[in-house]
Amino acid sequence: MNVKQATVSISDAEWEVMRVVWASNYMTSREIIDTLMAIKDWKEGTIKSLLNRLIQKEAIAKDTSTTPYTYYPTISLVEATQQRSDDLVSQTCTRDRADIIQHLIDTNELSQDDIQNLMDSLQNKLKTAPTSVTCQCPAGQCHCHLH
(Lines give C-alpha, C1' and ligand atoms only; values in the text may rest on other atoms or scores of the structure.)
Protein backbone atom coordinates (compact mmCIF):
# COMPACT_ATOMS: atom_id res chain seq x y z
CA MET A 1 0.00 0.00 0.00
CA ASN A 2 1.40 3.37 -1.00
CA VAL A 3 0.42 6.00 1.58
CA LYS A 4 1.01 9.64 0.64
CA GLN A 5 1.00 12.76 2.75
CA ALA A 6 -2.45 14.15 3.46
CA THR A 7 -3.21 17.36 1.61
CA VAL A 8 -6.78 16.57 0.68
CA SER A 9 -9.80 18.21 2.23
CA ILE A 10 -12.14 15.57 3.63
CA SER A 11 -15.73 16.41 4.63
CA ASP A 12 -17.22 15.12 7.88
CA ALA A 13 -19.21 12.44 6.03
CA GLU A 14 -16.15 11.38 4.03
CA TRP A 15 -14.22 11.22 7.31
CA GLU A 16 -16.68 8.57 8.57
CA VAL A 17 -15.96 6.45 5.48
CA MET A 18 -12.22 6.96 5.92
CA ARG A 19 -12.41 5.79 9.54
CA VAL A 20 -13.89 2.49 8.36
CA VAL A 21 -11.26 2.08 5.64
CA TRP A 22 -8.43 3.04 8.01
CA ALA A 23 -9.67 0.47 10.55
CA SER A 24 -9.28 -2.44 8.14
CA ASN A 25 -6.99 -1.11 5.39
CA TYR A 26 -8.29 -3.38 2.58
CA MET A 27 -12.06 -3.74 2.25
CA THR A 28 -14.56 -4.46 -0.47
CA SER A 29 -17.23 -1.89 -1.19
CA ARG A 30 -19.79 -4.32 0.29
CA GLU A 31 -17.82 -4.53 3.55
CA ILE A 32 -17.55 -0.74 3.72
CA ILE A 33 -21.25 -0.29 2.94
CA ASP A 34 -22.37 -2.93 5.45
CA THR A 35 -20.15 -1.49 8.19
CA LEU A 36 -21.37 2.06 7.65
CA MET A 37 -25.04 1.07 7.34
CA ALA A 38 -24.71 -0.66 10.73
CA ILE A 39 -23.47 2.52 12.43
CA LYS A 40 -24.99 5.33 10.35
CA ASP A 41 -28.48 5.99 9.05
CA TRP A 42 -27.19 6.22 5.47
CA LYS A 43 -28.46 4.71 2.25
CA GLU A 44 -26.21 2.52 0.12
CA GLY A 45 -26.18 5.12 -2.67
CA THR A 46 -24.89 7.77 -0.27
CA ILE A 47 -21.99 5.55 0.76
CA LYS A 48 -21.15 4.73 -2.87
CA SER A 49 -21.15 8.46 -3.67
CA LEU A 50 -18.81 9.13 -0.74
CA LEU A 51 -16.50 6.32 -1.87
CA ASN A 52 -16.39 7.78 -5.38
CA ARG A 53 -15.63 11.26 -4.04
CA LEU A 54 -12.80 9.87 -1.91
CA ILE A 55 -11.38 8.08 -4.97
CA GLN A 56 -11.55 11.34 -6.97
CA LYS A 57 -9.78 13.15 -4.13
CA GLU A 58 -7.20 10.34 -4.07
CA ALA A 59 -7.80 9.67 -0.38
CA ILE A 60 -8.57 6.04 -1.17
CA ALA A 61 -7.76 3.83 -4.13
CA LYS A 62 -9.42 0.80 -5.68
CA ASP A 63 -7.41 -2.37 -6.27
CA THR A 64 -8.88 -3.85 -9.44
CA SER A 65 -6.51 -6.84 -9.46
CA THR A 66 -8.82 -8.67 -7.05
CA THR A 67 -12.42 -9.73 -7.32
CA PRO A 68 -14.34 -8.18 -5.75
CA TYR A 69 -12.39 -4.94 -5.91
CA THR A 70 -10.85 -3.79 -2.66
CA TYR A 71 -10.42 -0.26 -1.41
CA TYR A 72 -7.51 1.00 0.65
CA PRO A 73 -6.43 4.35 2.11
CA THR A 74 -3.78 6.37 0.29
CA ILE A 75 -3.44 8.82 3.16
CA SER A 76 -2.63 7.85 6.72
CA LEU A 77 -4.94 8.46 9.64
CA VAL A 78 -2.20 10.26 11.56
CA GLU A 79 -1.34 12.65 8.73
CA ALA A 80 -4.99 13.31 7.87
CA THR A 81 -5.76 14.07 11.52
CA GLN A 82 -2.75 16.35 11.80
CA GLN A 83 -3.76 18.14 8.59
CA ARG A 84 -7.30 18.58 9.90
CA SER A 85 -6.08 20.03 13.20
CA ASP A 86 -3.53 22.25 11.39
CA ASP A 87 -6.37 23.58 9.21
CA LEU A 88 -8.44 24.44 12.29
CA VAL A 89 -5.58 26.14 14.11
CA SER A 90 -4.48 28.10 11.02
CA GLN A 91 -7.93 29.74 10.93
CA THR A 92 -7.38 31.16 14.42
CA CYS A 93 -5.32 34.13 15.58
CA THR A 94 -1.86 33.03 16.71
CA ARG A 95 -2.54 34.75 20.04
CA ASP A 96 -5.62 32.54 20.64
CA ARG A 97 -4.10 29.17 19.71
CA ALA A 98 -3.00 28.33 23.25
CA ASP A 99 -6.67 28.53 24.29
CA ILE A 100 -7.56 25.87 21.70
CA ILE A 101 -4.75 23.61 22.89
CA GLN A 102 -5.75 24.15 26.52
CA HIS A 103 -9.36 23.29 25.68
CA LEU A 104 -8.26 20.06 23.99
CA ILE A 105 -6.20 19.08 27.00
CA ASP A 106 -8.99 19.93 29.45
CA THR A 107 -11.74 18.12 27.56
CA ASN A 108 -9.99 14.90 26.50
CA GLU A 109 -9.06 11.86 28.52
CA LEU A 110 -5.30 11.35 28.47
CA SER A 111 -3.15 8.61 29.89
CA GLN A 112 -0.29 9.40 32.26
CA ASP A 113 2.14 8.64 29.40
CA ASP A 114 0.25 11.05 27.12
CA ILE A 115 0.45 13.76 29.76
CA GLN A 116 4.15 13.14 30.34
CA ASN A 117 4.82 13.36 26.59
CA LEU A 118 2.92 16.65 26.43
CA MET A 119 4.86 17.99 29.40
CA ASP A 120 8.16 16.97 27.77
CA SER A 121 7.17 18.64 24.50
CA LEU A 122 6.19 21.82 26.32
CA GLN A 123 9.45 21.83 28.31
CA ASN A 124 11.42 21.54 25.05
CA LYS A 125 9.32 24.23 23.37
CA LEU A 126 9.80 26.54 26.37
CA LYS A 127 13.54 26.66 25.68
CA THR A 128 13.06 28.58 22.42
CA ALA A 129 9.61 30.14 22.88
CA PRO A 130 9.24 33.90 22.45
CA THR A 131 7.99 35.95 25.41
CA SER A 132 4.86 36.80 23.42
CA VAL A 133 3.22 35.77 20.16
CA THR A 134 2.43 38.33 17.47
CA CYS A 135 -0.97 38.44 15.81
CA GLN A 136 -0.80 37.43 12.13
CA CYS A 137 -4.40 38.29 11.23
CA PRO A 138 -5.34 40.83 8.59
CA ALA A 139 -7.05 43.92 9.99
CA GLY A 140 -10.70 43.22 10.69
CA GLN A 141 -10.35 39.46 11.20
CA CYS A 142 -9.61 39.39 14.92
CA HIS A 143 -9.92 41.33 18.14
CA CYS A 144 -6.19 42.09 18.55
CA HIS A 145 -6.40 45.44 16.80
CA LEU A 146 -8.73 46.59 19.60
CA HIS A 147 -5.98 46.25 22.25
(request) Flag the pair Ile10 / Arg84 as yes when at least one side-chain heavy-atom distance between them is below 4.5 Å, and no otherwise. (result) no
(message) Just so I know, are the side chains of Thr64 and Tyr69 near enough to count as touching, which here means a heavy-atom distance under 4.5 Å?
(response) yes
(request) Give a yes or no on whether the backbone of Thr70 and the side-chain of Thr28 come within a donor-acceptor separation of less than 3.5 Å. (result) no
(message) Let me confirm one number: the SG-CD distance from Cys93 to Gln141, rounded to the nearest 0.5 Å.
(response) 10.5 Å
(request) Say whether, by atom type as modelled, one donor and one acceptor occur between the side chain of Thr92 and the main chain of Arg97 under 3.5 angstrom. (result) no
(request) Find the distance between NE2 (His143) and CG (Asp96) and round it off to the nearest 0.5 Å. (result) 3.5 Å
(request) Go through the steps for Ile75 and Trp22 under the test side-chain contact (heavy atoms from CB on, under 4.5 Å), then give the verdict. (result) CA-CA 9 Å; Ile75 58 175; Trp22 281 319; 4.2 Å; yes
(message) For a 4.5 angstrom cut-off between non-hydrogen side-chain atoms, does Ser24 reach Glu31?
(response) no
(message) Hydrogens and angles aside, do Asp87 and Gln83 bring a side-chain donor and acceptor to less than 3.5 Å of each other?
(response) yes
(message) Is there a path of hydrophobic side-chain contacts, each under 4.5 Å between heavy atoms, that joins Ile101 and Val89?
(response) no
(request) Report yes or no: do Thr94 and Gln136 form a side-chain donor-acceptor pair below 3.5 Å? (result) yes
(request) For residues Pro73 and Met18, report the shortest heavy-atom separation together with the two atoms involved. (result) CB-CE, 4.2 Å
(message) Let me confirm one number: the OG-NZ distance from Ser11 to Lys57, rounded to the nearest 0.5 Å.
(response) 5.5 Å
(request) State which residues pass salt bridge (charged side-chain N to carboxylate O under 4.0 Å, His left out) with Arg19; sequence neighbours excluded, sorted by chain then number. (result) none
(request) Compare every heavy atom of Leu77 with every heavy atom of Trp15, then report the nearest pair and how far apart it is. (result) CZ2-CD1, 4.4 Å
Taking only distance into account, with no hydrogens and no angle test, what donor-acceptor pairs under 3.5 Å do side-chain atoms of residues 36-47 form with protein atoms, sequence neighbours excluded?
residue, atom, partner, partner atom, Å
Glu44, OE1, Arg30, NH2, 3.2
Glu44, OE2, Arg30, NH2, 2.8
Glu44, OE2, Lys48, NZ, 3.2

(request) Any chance you could measure Asn117, atom CG, to Gln112, atom CD, to the nearest 0.5 Å? (result) 12.0 Å
(message) As an exercise, state the distance from CG of Leu104 to CG of Asp99, rounded to the nearest 0.5 Å.
(response) 11.0 Å
(request) Please name the pair of heavy atoms, one in Met27 and one in Val20, separated by the smallest distance, quoted to 0.1 Å. (result) SD-O, 3.4 Å
(message) If I take atom CD1 from residue Ile55 and atom CG from residue Leu50, how far apart are they, to the nearest 0.5 angstrom?
(response) 11.0 Å
(message) Side chains of Arg95 and Cys142, heavy atoms from C-beta outward: is any pair under 4.5 Å?
(response) no
(request) Return each pair, listed once, that meets salt bridge (Lys or Arg N to Asp or Glu O under 4.0 Å) where at least one residue sits in residues 102-130; pairs must be two or more places apart or across chains. (result) none
(message) Is there a side-chain contact between Tyr71 and Ser29 in this structure, where contact means two heavy atoms from C-beta onward sitting under 4.5 Å apart?
(response) yes
